[in-house]
Amino acid sequence: MNEVKKYVYSFEEGNAEMKDLLGGKGANLAQMVQYGLPVPPGFILTTEACLKYGEDPAFLDSVWDKVVSSMKDIEKKTGKTFGSGENPLLVSVRSGAPISMPGMMDTVLNLGLNDESVESLARVADDRRFAFDSFRRFIQMYGNVVHGVNGDAFEEVLEHFKSSLGVKFDNEIPAEKLVEVVARFKEIFKEKAGFDFPADPWQQLRNAVEAVFKSWGNPRAVTYRRLHKIPHTLGTAVNIVSMVYGNLGDDCGTGVCFTRNPSDGTKELYGEFLINAQGEDVVAGIRTPLPIVQMKTTMPEVYNELFEITTNLEKAYKDMQDIEFTIERNKLYILQTRNGKRSAGAAVKIAVDMVAEGLIDKKTAVGRVTPEQVEMLLHRQVDPTAENEVLAKGLPASPGAGVGVVCFDADDAVEMAKDGQKVILARPETCPDDIHGLFAAEAIVTSRGGMTSHAAVVARGLGKPCVSGCEDITIDLNKETITRGDKVIRKGDTITVDGSTGRVLVGGAPLMEASFSDDFQTVLSWSDEFARLQVWANGDTPEDAKRARAFGAKGIGLCRTEHMFMATDRLPVMQRLVVADTYEERLEALEELKVMQVEDFYGILKEMHGLPVIIRLLDPPLHEFMPKERDLEEELAELTADGNENTPAADKVRKIMAKVEALKESNPMLGFRGCRLGIVYPEISAMQSSAIFEAVLRLVDEGIEIHPEIMIPLVGVKTEMEFFRKQIDEIAKDYMEKSGKKFNYLVGTMIEVPHAALVADQIAEYAEFFSFGTNDLTQTTFGYSRDDAEGKFLGQYEEKGILPVNPFHELDREGVGVLMEIAVEKGRKVDPNLSIGICGEHGGNPSSIAFCHTAGLNYVSCSPFRVPVARISAAHAAMGRLK
Ligand code: ADP
Ligand code: MG
Ligand code: MG
């Protein structure tokens, strides 16, 4: 016999564990009912019902009886009746997916109203204004959400009424006028939807439920899921909740609060409320709301109750809560609780504070701070010492600072950003339709709306600076201007948005890189406890090394020596080396370079005392050190301008030109570079190894503990590796014998061409460590030259879905990753303790780090600035939180 599946749950039947089935909103409402909190009665249609409906809309018929009986239950609990009677029951129809998707799917309030029930409502509430205000809201929301009627037409009517009445806010429109508004709204509905506004509440309910189910597939929601990697197979639940009214007068209101400050993490009841208002008013930024502390004086009892409830909710959920509430005639109702979104800084502070309070353990704390948030903390701030012209001050809605040119439209923002401009999106307020503009913008400024407005919430989530509720400025979308007094900012003008202080500055203010707070350091040090991968840094100078250590790197995974030859005092010597005709000439130049290299290696090894430093021998093709052909031609033309062709200076230039010509390659990336240089000119690599050992000996004399490792680039076959291993061991032996001192060193290789990965077992006979150079490995595995690919076709590849992501940003697991796995397996077969790391840019990319963890690497090495991101990623990878 088929088991009858349950698709409808009353709040009494659910709890917080049931998020997958009941959605986040529904599960939490049910849990709050379990706690005995004042939640209006309601029930939930499950996410499974949504998926069933997606397969076949007729499915809804089979569960409709259950919906009807659940409505009857609410009627019993509230003493109201749906669709008729003296005391009409109205409900809200709210979507709620297992993962919160703010602003993605809209709620309909006051469902159940029609010409008859609105009169009953007016009678029982003894308030006609309220009843018709609720009705006009319902027509507007229902029209918009369920039947796609654009909200602008309704807003225009409302604006018209307000201005002809000479009032500013919609709660100032008197009842008799609201009756007219409702009539107009119904006309608009009919005009746009093509049929009469449905008077039957059951029909309204059915349509609304279907609309929620359908909204799972609307493009806005699909985009959001795609951007946030949320699976499309979750579905959304529908919550049907009896209405409570915040718009019944001045002893009513609605609000949103957080148990901690979501901007900076301070432990305080933080939020906003609006007197005599309903639901969306706070979020939509219609009126700018009041800070929650003002409730202490205006509604002290309600405030105390709210404070107690929210404190208990936080204790129960062991996380900062974001709570929606409504006050109906001094009676508090809780309409939603969820783990609150927070800025990166707040995430860190709250995590550390909650450990100190004994609420959570360290591991949970580390899990609460994401790699993206750590990245945001490395964001910039306006330099506080600089003098700036402040245009206006609004609310510090999302921290960080952004400089850019102003634009007023989301599509423009996308276009301008595509052209490489940094843009600031300025809007009176934003809505979910602007989401692509928010993504494209450096920062956002709105003239209306509070800390919980759409712009503020989305900006915090994206880590973009945002100033909201900046009411001193006027943003005119038609003229495309921001004005304050006689100051006018036009489209294309540069401004600075300081989301940390709420200031909007004229022009581009100087910005400062972010600094490490103590809490930030604490979370990172905890993450090291849970990570298996170590994090090293790539760095070429003692300064890099110092920064790497400060950011917590446990070694230098890649010290590139070529940069050392680019300095102005060295390049001429390097060029002499390249153009040298004889071995002797080369030795002479090398001897000079060695003196300088000893200093380089001494500096970096000393700075990294106690930790490993991997020094890579010369890698790029030699032509990179040579002047450009065109420059040489110009130089020659100048030298011979007087007709004297045969001066020594001119001859010298000609000689260099000939060498440059000879060094030309058809495919430099696959050409004469890496270890190939050292095989043809062994004296070059010998010089570098000698310089390393001379530095080592000096440090040994100074009694400093060092761990030098020499890395050979671009090895493809074992004989290459064998060649260098022998050369380096001989040189080392020589230095030890001559000095009578012993020192430790390792010789290893990069794995950056597919052949090396495939014969890694052979190479491991001579290599003491491996380091994946995933930039070259990606180039050679795909056969893409990165610069050409990124410049010419990779963008199109991503747009057309040929590749899901740029493989130079996120490690390609299916090809490059498989080669890495082969190399790890083969290498460790020869030497089970073989140390293996990655030193390509991917070493700082969270998803790539997760792969390195799974592949069994020992460490990832990335740019010093990304070390914190890599540390938290390594911990999350070990906890299985990062895929
Ligand atoms: P969102 O997911 O966009 O926050 P919600 O379903 O939470 O949407 O509802 C939107 C607004 O309407 C919120 O402010 C919420 O508190 C309010 N609201 C929802 N249901 C009710 C209800 N039954 N009575 C009063 N207000 C409600
Ligand atoms: Mg909500
Ligand atoms: Mg390389």
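All of these numbers come straight from a predicted model, not from anything done at the bench.
- Using a 4.5 Å heavy-atom threshold, the side chains of Glu752 and Leu714 count as touching.
- Using a 4.5 Å heavy-atom cutoff, the side chains of Met711 and Met750 are in contact.
- Contact of the Ile838 side chain with the Ser771 side chain is not registered, since no non-hydrogen atoms from C-beta on lie closer than 4.5 Å.
- Taking Ala823 as the reference, Ile751, Ala757, Ala760, Phe772 meet the side-chain contact (heavy atoms from CB on, under 4.5 Å) condition, with sequence neighbours excluded.
- Expressed to the nearest 0.5 Å, how far CZ of Arg342 lies from OG of Ser398 amounts to 14.0 Å.
- Looking at residues two or more places apart in sequence or on another chain, you find a salt bridge (Lys or Arg N to Asp or Glu O under 4.0 Å) between Glu529 and Lys362.
- A donor-acceptor contact shorter than 3.5 Å links the side chain of Arg532 to the backbone of His853.
- Under the 3.5 Å distance criterion, the side-chain polar atoms of Thr370 are matched with a main-chain donor or acceptor of Gln373.
- Summarising the geometry, atom CZ belonging to Arg560 is positioned 12.5 Å from atom CD1 belonging to Ile614; distances are rounded to the nearest 0.5 Å.
- Nearest heavy-atom pair across Trp526 and Ala365 is CZ3-CB, 3.8 Å.
- Sorted by first then second residue, the ring-ring contact (aromatic ring centres under 6.0 Å, His included) pairs that include residues 787-815, not counting sequence neighbours, are Tyr784-Phe793, Phe793-Tyr797.
- Looking at Ser861 and Asn538, their side chains do bring a donor and an acceptor atom within 3.5 Å of each other.
- A distance-only check finds a donor-acceptor pair linking the side chain of Ser343 to the backbone of Ser263 [under 3.5 Å].
- Distance alone, capped at 3.5 Å, places no donor-acceptor pair between the Ser835 side chain and the Phe769 backbone.
- In the model, Gln336 has no side-chain atom that pairs as donor or acceptor with a side-chain atom of Asn28 under 3.5 Å.
- Ion pair Asp322/Arg338 flagged as a salt bridge, since at least one NZ, NE, NH1 or NH2 atom sits closer than 4.0 Å to an Asp/Glu carboxylate oxygen.
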As a quick check of understanding, evaluate side chain to side chain contact (heavy atoms under 4.5 Å, CB included) for Leu803 and Phe782, giving each step before the final call.
CA-CA 12 Å; Leu803 285 177; Phe782 278 91; 4.3 Å; yes
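- Side-chain contact, His436 with Asp411: a donor N or O sits under 3.5 Å from an acceptor N or O.
- Looking at Lys883, its side chain never comes within 3.5 Å of a backbone N or O of Ala850 through a donor-acceptor pair.
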Per-pair distances, 0.1 Å, donor-acceptor, side chain in residues 415-424, under 3.5 Å, sequence neighbours excluded:
none

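- With sequence neighbours excluded, the residues satisfying ring pair (Phe, Tyr, Trp, His ring centres under 6.0 Å) with Tyr859 are Trp536.
- Arg673 and Asp776 are joined by a salt bridge, as a carboxylate oxygen and a charged side-chain nitrogen come within less than 4.0 angstrom of each other.
- Legend: side chain to side chain donor-acceptor pair (under 3.5 Å) pairs involving residues 871-881, not counting sequence neighbours, sorted by first then second residue: Asp528-Arg871.
- Rounded to the nearest 0.5 angstrom, Leu425 CG and Cys407 SG are separated by 5.0 Å.
- Put simply, the side chain of Ser785 reaches to within 4.5 Å of the side chain of Gln779, judged on heavy atoms.
- Counting only distance, with no hydrogens or angles, the side chain of Arg676 and the backbone of Gly671 share a donor-acceptor pair below 3.5 Å.
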Would you please test Thr233 and Leu51 for side chain to side chain contact (heavy atoms under 4.5 Å, CB included) and show each step?
CA-CA 8 Å; Thr233 50; Leu51 299 176; 5.6 Å; no
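- Cys50 meets the side-chain contact (heavy atoms from CB on, under 4.5 Å) test with Phe213, Trp216, Thr236; sequence neighbours excluded.
- Within the 3.5 Å criterion, the main-chain N or O of Ala49 finds a donor-acceptor partner in the side chain of Thr46.
- Every residue meeting the salt bridge (Lys or Arg N to Asp or Glu O under 4.0 Å) condition with Asp544, not counting sequence neighbours, appears here in chain and number order: Arg547.
- Residues Thr446 and Val467 have side chains not in contact (no heavy-atom distance under 4.5 Å, counting atoms from C-beta outward).
- Among residues at least two apart or in separate chains, salt bridge (charged side-chain N to carboxylate O under 4.0 Å, His left out) pairs with a member in residues 853-866 are Glu375-Arg866.
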Lys826/Ile822 under side chain to side chain contact (heavy atoms under 4.5 Å, CB included): CA gap, chis, key distance, verdict
CA-CA 6 Å; Lys826 292 199 162 194; Ile822 292 172; 4.0 Å; yes
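- Distance check: Glu48 CD to Leu234 CG gives 12.0 Å after rounding to the nearest 0.5 Å.
- Looking at every heavy atom in both residues, Cys862 comes nearest to Ala870 through SG-CB, 3.9 Å.
- Within the 4.5 Å cutoff, side-chain heavy atoms of Val369 are placed close to those of Ile872.
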Using side chain to side chain contact (heavy atoms under 4.5 Å, CB included), reason through Asn667 and Met669 one step at a time and then give a plain yes or no.
CA-CA 5 Å; Asn667 267 316; Met669 204 244 330; 5.7 Å; no
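- For residues 840-860, the pairs satisfying salt bridge (charged side-chain N to carboxylate O under 4.0 Å, His left out) are Arg786-Glu841, with sequence neighbours left out.
- Partners of Tyr7 under the ring pair (Phe, Tyr, Trp, His ring centres under 6.0 Å) rule, at least two apart in sequence or in another chain, are Phe59.
- Closest of all the heavy-atom pairs between Cys852 and Val860 is CB-CG1, 3.9 Å.
- In this structure, Asn239 CG and Ile44 CD1 are separated by 5.5 Å, a value rounded to the nearest 0.5 Å.
- At distances below 3.5 Å, not a single donor-acceptor pair connects side-chain atoms of Asp434 with backbone N or O atoms of Ala410.
- In this structure, the side chains of Leu22 and Thr47 stay at 4.5 Å or more apart for every pair of heavy atoms.
- Residues satisfying the side-chain contact (heavy atoms from CB on, under 4.5 Å) test with Gln521, not counting sequence neighbours, are Phe516.
- Side chains of Glu810 and Ser848: no donor on one and acceptor on the other come within 3.5 Å.
- Side-chain atoms of Arg94 never come within 3.5 Å of backbone atoms of Asp106 as a donor-acceptor pair (strictly under, hydrogens ignored).
- Side-chain contact between Lys214 and Tyr53 is present, with at least one heavy-atom pair separated by less than 4.5 Å.
- Taken to the nearest 0.5 Å, the CG atom of Asn806 stands 9.0 Å off from the OG1 atom of Thr778.
- Under the 4.0 Å criterion applied to side-chain N and carboxylate O atoms, Asp619 and Arg616 are assigned as salt-bridge partners.
- Within the 3.5 Å criterion, the main-chain N or O of Asp761 finds no donor-acceptor partner in the side chain of Lys829.
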